[in-house]
Amino acid sequence: MYEKERTRPSQGRASRERGFVVWPGSRQGRPRREPTVRVVFHGLLCLSFDGSAACRVGTHNTSAGPGHSHPHRFVVDVWEKNGGVCPNQPTHHKHVGNPKSVSRLDITATNPELLDGTYVYARDTFTRPDPADANDPNDWRWVVDFDRLYPAGVSVNEDTLLNGVKLNNGLFYTVWKTCSKFLLRPSGQPAGPSDIQLGSVAHYIAADIFLRPGDGVVTLSGGPFRRPLKLPAAGDKTYQVDITNNCTDGHNDCQFDPAPHNPKERRNDFFLYYDVFAPRPDPEYEMVLAEPCAAPPDFDRVFRERGICSNRLLRSSDDAPCGAVGVSRPIP
């Protein structure tokens, strides 16, 4: 995952189609300048890349119905910041609920600067579980990637990820990796040599879009927007777009207890990702808390330090994170 993913004949069709590209400037660190538009992701979301041309974000919809034991809802929030200052509430709040109830949301950058497509930030070498704490905390590879779990590739049931989001530009990276440490264990098996030590995982990820001053613009069209919403590069204005697909607030089964002795459905919602695969890969892995965080993070402070508007929807506990994952099959 350090370089562009290449076709490997020994792998299945789904895996060969993956095409993310590492941003060439990764070795120098992330850009120091503030992005014109930052897109923040949280919840049950599956990301796939099409070379450097686009990133498609599948919105997991099998748990969108009110009768589901872990109901999730799709929401899009847009914040307009002046001089880097966040307003008290989103400028635009779009509660969708079931992702299939709207068309695909296209986030399109016109006259971008710095990037000519979608890239991931992947700096230097990357090891798991990173006992020496040597990995860059913003590295993209903190994201759990199903390509890495199943080298033969995985295929998705496209209907489970409709209608989703498509971006034509942006540098994708980890905003916050968990303080807690995790492992993956084949479902139904006891602790043992089959465990895969993950360490920290990506809790929040984002894509930074840099526009050319004066004539650059990001347009949000489709999805919950009846009319296209334009976010121009003008003066000291910057923007934040939150893409969330979270377990419904207040629902009893959305209050997780990460203790390892609990069944997978009570620990976190990682198990729901297996609903999108057809066929389901074998073995199914459960995400197990291996080492809880000694001091749970103050996310208001975390977001403030990173210039991110603090949205109540950007919330899940550090020891039961609801983070996006990577998949190989291009998502419509």
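Just the heavy atoms: all of them, side chains too, but no hydrogens, waters or symmetry mates, feed the values below.
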Derivation of the side-chain contact (heavy atoms from CB on, under 4.5 Å) call for Glu265 and Ser69: CA-CA 9 Å; Glu265 295 85 0; Ser69 60; over 6 Å; no
Test log, rule side-chain contact (heavy atoms from CB on, under 4.5 Å), inputs Phe126 and Trp140: CA-CA 10 Å; Phe126 188 92; Trp140 165 257; over 6 Å; no
Between Asn168 and Thr108: side-chain donor-acceptor atoms closer than 3.5 Å: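 Side chains of Asn168 and Thr108: no pair found under 3.5 Å.
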Residues Trp79 and Asp242: side-chain donor-acceptor under 3.5 angstrom: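 Yes, a side-chain donor-acceptor pair sits under 3.5 Å.
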Once side chain to side chain donor-acceptor pair (under 3.5 Å) is applied, do any residues pair with [X], and if so which ones, sequence neighbours excluded?
{"X": "Glu80", "value": "Lys237"}
{"X": "Gln28", "value": "none"}
{"X": "Thr36", "value": "none"}
{"X": "Asn262", "value": "Asp257"}

Are any of the side-chain heavy atoms of [X] and [Y] separated by less than 4.5 Å?
{"X": "Arg38", "Y": "Arg306", "value": "no"}
{"X": "Pro35", "Y": "Ile209", "value": "no"}
{"X": "Asn268", "Y": "Pro258", "value": "no"}
{"X": "Trp176", "Y": "Pro297", "value": "yes"}
{"X": "Leu114", "Y": "Pro31", "value": "yes"}
{"X": "Ile196", "Y": "Leu149", "value": "yes"}
{"X": "Ser317", "Y": "Phe256", "value": "no"}
{"X": "Leu231", "Y": "Val78", "value": "yes"}

[Y] backbone acceptor or donor facing [X] side chain under 3.5 Å:
{"X": "Asn61", "Y": "Thr160", "result": "yes"}
{"X": "Asn245", "Y": "His60", "result": "yes"}
{"X": "Gln240", "Y": "Cys309", "result": "yes"}
{"X": "Thr178", "Y": "Ser200", "result": "no"}
{"X": "Tyr239", "Y": "Ala233", "result": "no"}
{"X": "Thr174", "Y": "Asp139", "result": "yes"}
{"X": "His72", "Y": "His70", "result": "yes"}

Remaining members of the apolar cluster that contains Leu313, side-chain heavy atoms under 4.5 Å: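 When side chains under 4.5 Å apart are linked, the cluster holding Leu313 also contains Val75.
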Hydrophobic cluster (4.5 angstrom, side-chain heavy atoms) - remaining members for Leu183: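 Cluster partners of Leu183: Val288.
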Residues Ser180, Asp318; criterion side-chain hydrogen bond (donor to acceptor under 3.5 Å, both in side chains); working and verdict: CA-CA 6 Å; Ser180 300; Asp318 195 80; 3.0 Å; yes
Carboxylate-amine/guanidinium contact Asp106 Arg104, below 4.0 Å: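 Arg104 and Asp106: salt-bridged.
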Identified side chain to side chain contact (heavy atoms under 4.5 Å, CB included) partner of Ile243 from the options Val40, Asp77, Val165: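 Among Val40, Asp77, Val165, the one that satisfies the side chain to side chain contact (heavy atoms under 4.5 Å, CB included) with Ile243 is Val165.
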Set of residues satisfying side chain to side chain contact (heavy atoms under 4.5 Å, CB included) with respect to Tyr121, sequence neighbours excluded: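 Residues passing side chain to side chain contact (heavy atoms under 4.5 Å, CB included) with Tyr121: Trp23, Ser26, Arg30, Arg123, Asp136, Asn138, Leu171, Tyr173.
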Partner set under side chain to side chain contact (heavy atoms under 4.5 Å, CB included) for Thr238, not counting sequence neighbours: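 In terms of side chain to side chain contact (heavy atoms under 4.5 Å, CB included), with neighbours along the sequence ignored, Thr238 is linked to Glu34, Lys81.
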Between [X] and [Y], what is the shortest heavy-atom contact and its length?
{"X": "Gly43", "Y": "Asn246", "result": "CA-OD1, 3.5 Å"}
{"X": "Val143", "Y": "Gly326", "result": "CG1-N, 3.7 Å"}
{"X": "Thr110", "Y": "Leu211", "result": "O-CD2, 3.9 Å"}
{"X": "Tyr285", "Y": "Tyr274", "result": "N-OH, 2.9 Å"}
{"X": "Ile205", "Y": "Ala324", "result": "CD1-CB, 3.8 Å"}

With His203, the ring-ring contact (aromatic ring centres under 6.0 Å, His included) member among Phe303, Phe299, Trp142: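 Among Phe303, Phe299, Trp142, the one meeting ring-ring contact (aromatic ring centres under 6.0 Å, His included) with His203 is Phe299.
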Looking at [atom1] of [X] and [atom2] of [Y], how far apart are the two atoms once the value is rounded to the nearest 0.5 Å?
{"X": "Ser52", "Y": "Asn169", "atom1": "OG", "atom2": "CG", "answer": "10.0 Å"}
{"X": "His42", "Y": "Tyr204", "atom1": "NE2", "atom2": "OH", "answer": "4.0 Å"}
{"X": "Lys181", "Y": "Leu289", "atom1": "NZ", "atom2": "CG", "answer": "10.5 Å"}
{"X": "Gln89", "Y": "Arg312", "atom1": "CD", "atom2": "CZ", "answer": "11.0 Å"}
{"X": "Leu105", "Y": "Ser103", "atom1": "CG", "atom2": "OG", "answer": "8.0 Å"}
{"X": "Phe270", "Y": "Phe182", "atom1": "CZ", "atom2": "CZ", "answer": "11.0 Å"}

Qualifying residues under salt bridge (Lys or Arg N to Asp or Glu O under 4.0 Å), relative to Asp298, sequence neighbours excluded: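 Salt bridge (Lys or Arg N to Asp or Glu O under 4.0 Å) list for Asp298, sorted by chain: empty.
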Residue pair Phe20, Phe172: steps toward the ring-ring contact (aromatic ring centres under 6.0 Å, His included) verdict: CA-CA 10 Å; Phe20 72 79; Phe172 288 76; over 10 Å; no
Please set out all donor-acceptor pairs under 3.5 angstrom arising from side-chain atoms of residues 219-227, sequence neighbours excluded.
unit_1: Thr219; atom_1: OG1; unit_2: Lys230; atom_2: NZ; d: 3.4

Residues in disulfide bond (SG atoms under 2.5 Å apart) contact with Cys55, at least two apart in sequence or another chain: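 With neighbours one apart ignored, the set is empty.
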Residue pairs, two or more places apart or on separate chains, that pass disulfide bond (SG atoms under 2.5 Å apart) and touch residues 112-212: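 The answer is Cys179-Cys293.
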Asn135 and Thr127: CA distance, side-chain angles, deciding distance, side-chain contact (heavy atoms from CB on, under 4.5 Å) verdict: CA-CA 7 Å; Asn135 296 337; Thr127 59; 4.0 Å; yes
Arg315 and Asp300: CA distance, side-chain angles, deciding distance, salt bridge (charged side-chain N to carboxylate O under 4.0 Å, His left out) verdict: CA-CA 10 Å; Arg315 288 294 187 273; Asp300 285 329; 2.5 Å; yes
Sulfur-sulfur distance Cys322/Cys247 under 2.5 Å: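 Taking the criterion (SG atoms under 2.5 Å apart), Cys247 and Cys322 fail it, so no.
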CA sep, side-chain torsions, deciding dist, call: Leu167, Arg56, side-chain contact (heavy atoms from CB on, under 4.5 Å): CA-CA 6 Å; Leu167 297 87; Arg56 290 173 172 81; over 6 Å; no
